[in-house]
2 protein chains.
Amino acid sequence: MTNTSYNLVNDNTIRLFFDAFGNMKRFKILAILKNDPMSVSRLQRVMNCEQSDVSHNLQCLLNCGFVNKKINGKERIYYVNEEAKPIINAVYKHINKYEKYLISCNIMANPAISMKNR
Amino acid sequence: MTNTSYNLVNDNTIRLFFDAFGNMKRFKILAILKNDPMSVSRLQRVMNCEQSDVSHNLQCLLNCGFVNKKINGKERIYYVNEEAKPIINAVYKHINKYEKYLISCNIMANPAISMKNR
DNA sequence: TTGTCATATGAATATTTTATCATATGAATA
DNA sequence: TATTCATATGATAAAATATTCATATGACAA
């Protein structure tokens, strides 16, 4: 090996990161909340999915420190932690920039590719 | 909503990205290959896992355009595409920077947290 | 051409993750 | 305090993903 920097962060930390981050729905939640802190019910409407689904995903993001919440009467307003914003932006920009590329790679892919992506 | 930029990238593209990227093992593969292009067997030794496991994961990364390969005799040398390097670096830096933070969030987490992370 | 090394592939299984449902908690208000 | 709204939680079901095993392919060397 010419470089061993990839050993500097331990597996458990990488796992924690991806536990919360490695999922489309949670990424969308982050992308939404990043600009608009909002309540669970409003997020539910924007995301168009079940209340408990949203709550579970928010718990997950809370556990890994991507979001926090503040109480507002009956509501809980979730917002993205400042520390997490740069990486959300970076991933968002990457996806946006390589959208066409990602799709074309997928289309010309070899036979091993799973059907759901075709 | 004060900002609707999160609607500009379609779900399918986000899904493609996370199909490949949202996983600890594949991220480690990317982090390794980014600095050291190498053969499947060498990667297998570095990662300490099964050959077919490595191959399957490499196929996945290949399908979504994160890596490519070149033939060298019997070997296949996998390397990370230049386009993918910035986002790998960004995530790597984020994880490294917030390592302690990620871990502490997890420890103080509410009861909903899965046991595997404790 | 046979054997061996390197990799790829497909199928089966195991494991993890996600989604859903039922219900609990807790705040506000009639 | 009963009711309703907002959210959280736990259990289960369902789906997706990862892992493993057996085997195929393909290059090279004996």
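Throughout, a chain's letter reflects where its sequence line sits, starting with A, and its residues are numbered from 1.
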Chemist: Rounded to whole Å, how long is the line connecting atom NZ of B:K70 with atom C1' of C:dT7?
Modeler: 17 Å
Chemist: Nearest heavy atom decides the nucleotide; on that basis, is A:Q51 or A:G22 closer to the 5' end of DNA chain C?
Modeler: A:G22
Chemist: Does the cation-pi check pass for B:K70 over B:Y79, that is, NZ or CZ under 6.0 Å from the six-membered ring centre and within 45° of its axis?
Modeler: yes
Chemist: Return the value, rounded to whole Å, for the distance between atom CG of A:D19 and atom C1' of C:dT15.
Modeler: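 Answer to the nearest Å: 14 Å.
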Chemist: To the nearest Å, give me how far apart CD (A:Q44) and P (D:dT7) are.
Modeler: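 Interatomic distance, CD of A:Q44 to P of D:dT7: 8 Å.
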Chemist: Does B:K69 make a side-chain N or O approach to OP1 or OP2 of C:dA8 shorter than 4.0 Å?
Modeler: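 Yes, B:K69 has a side-chain N/O under 4.0 Å of OP1/OP2 on C:dA8.
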Chemist: For A:L16 and C:dT16, give me the distance from atom CG to atom P, rounded to whole Å.
Modeler: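 From A:L16 CG to C:dT16 P: 16 Å.
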Chemist: Send over the distance from B:D53 CG to D:dT17 C1', rounded to a whole Å.
Modeler: 11 Å
Chemist: Give the rounded distance in Å between these two atoms: CD1 of B:I71 and P of C:dC5.
Modeler: 21 Å
Chemist: Nearest of D:dA6, D:dT19, C:dA19 to any side-chain atom of B:K25?
Modeler: D:dT19
Chemist: Taking atom C1' of D:dT23 as reference, at what distance in whole Å does atom CD of B:E50 sit?
Modeler: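 Roughly 14 Å, once rounded to whole Å.
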Chemist: Which distance, rounded to the nearest 0.5 Å, do you find between the CD of B:E99 and the CG of A:N12?
Modeler: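 Between atom CD of B:E99 and atom CG of A:N12 there are 9.0 Å.
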Chemist: Picking from C:dT17, D:dA8, C:dG10, which would you name as closest to the side chain of B:H56?
Modeler: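 Out of C:dT17, D:dA8, C:dG10, the nucleotide with an atom closest to B:H56's side chain is C:dG10.
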Chemist: Any strand is fair game: report the nucleotide pairing with D:dA11 by Watson-Crick or G-U wobble, both distances under 3.5 Å, or none.
Modeler: C:dT20
Chemist: State, without any angle test, whether B:Q51 and B:S55 hold a side-chain donor-acceptor pair at a distance under 3.5 Å.
Modeler: yes
Chemist: Give the nucleotide from the list C:dA6, D:dT19, C:dA28 with an atom nearest to the side chain of A:K74.
Modeler: C:dA28
Chemist: Above 12 or not: heavy atoms from other molecules or residues under 6.0 Å from NZ of B:K85?
Modeler: yes
Chemist: Look at the side chain of A:S52 against the base of C:dC21 and say whether a donor-acceptor pair falls under 3.5 Å; ignore hydrogens and angles.
Modeler: yes
Chemist: Checking contacts here: which listed nucleotide (C:dG26, C:dT7, D:dA18) is nearest the side-chain heavy atoms of B:S41?
Modeler: C:dT7
Chemist: Could you check how far CZ of B:F18 sits from P of D:dA16, rounded to whole Å?
Modeler: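 After rounding, the gap between these two atoms is 18 Å.
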Chemist: Does the side chain of B:L61 come within less than 4.5 Å of B:F21's, by heavy atoms?
Modeler: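 With C-beta onward as the side chain, the pair stays apart.
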Chemist: I'd like to know if the side chain of A:N57 and the backbone of A:D53 have a donor-acceptor N/O pair within less than 3.5 Å.
Modeler: yes
Chemist: Nearest to the side chain of A:S39, heavy atoms from C-beta on, is which of C:dT7, D:dT17, D:dT7?
Modeler: D:dT7
Chemist: Under 4.0 Å from OP1 or OP2 of C:dA6: is there any side-chain N or O of B:R42 that close?
Modeler: no
Chemist: Taking pairing as Watson-Crick or G-U wobble with both contacts under 3.5 Å, can you name the mate of D:dC28, or confirm there isn't one?
Modeler: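 Pairing partner: C:dG3.
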Chemist: Would you indicate, yes or no, if C:dA8 has its OP1 or OP2 atom less than 4.0 angstrom from a side-chain nitrogen or oxygen of B:Y78?
Modeler: yes
Chemist: Ignoring backbone atoms, test whether A:N23 places a side-chain nitrogen or oxygen under 4.0 Å from the OP1 or OP2 oxygen of C:dT18.
Modeler: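 Indeed, a polar side-chain atom of A:N23 lies that close.
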Chemist: Looking only at side-chain N and O atoms, does A:R26 come under 4.0 Å of OP1 or OP2 in C:dT18?
Modeler: yes
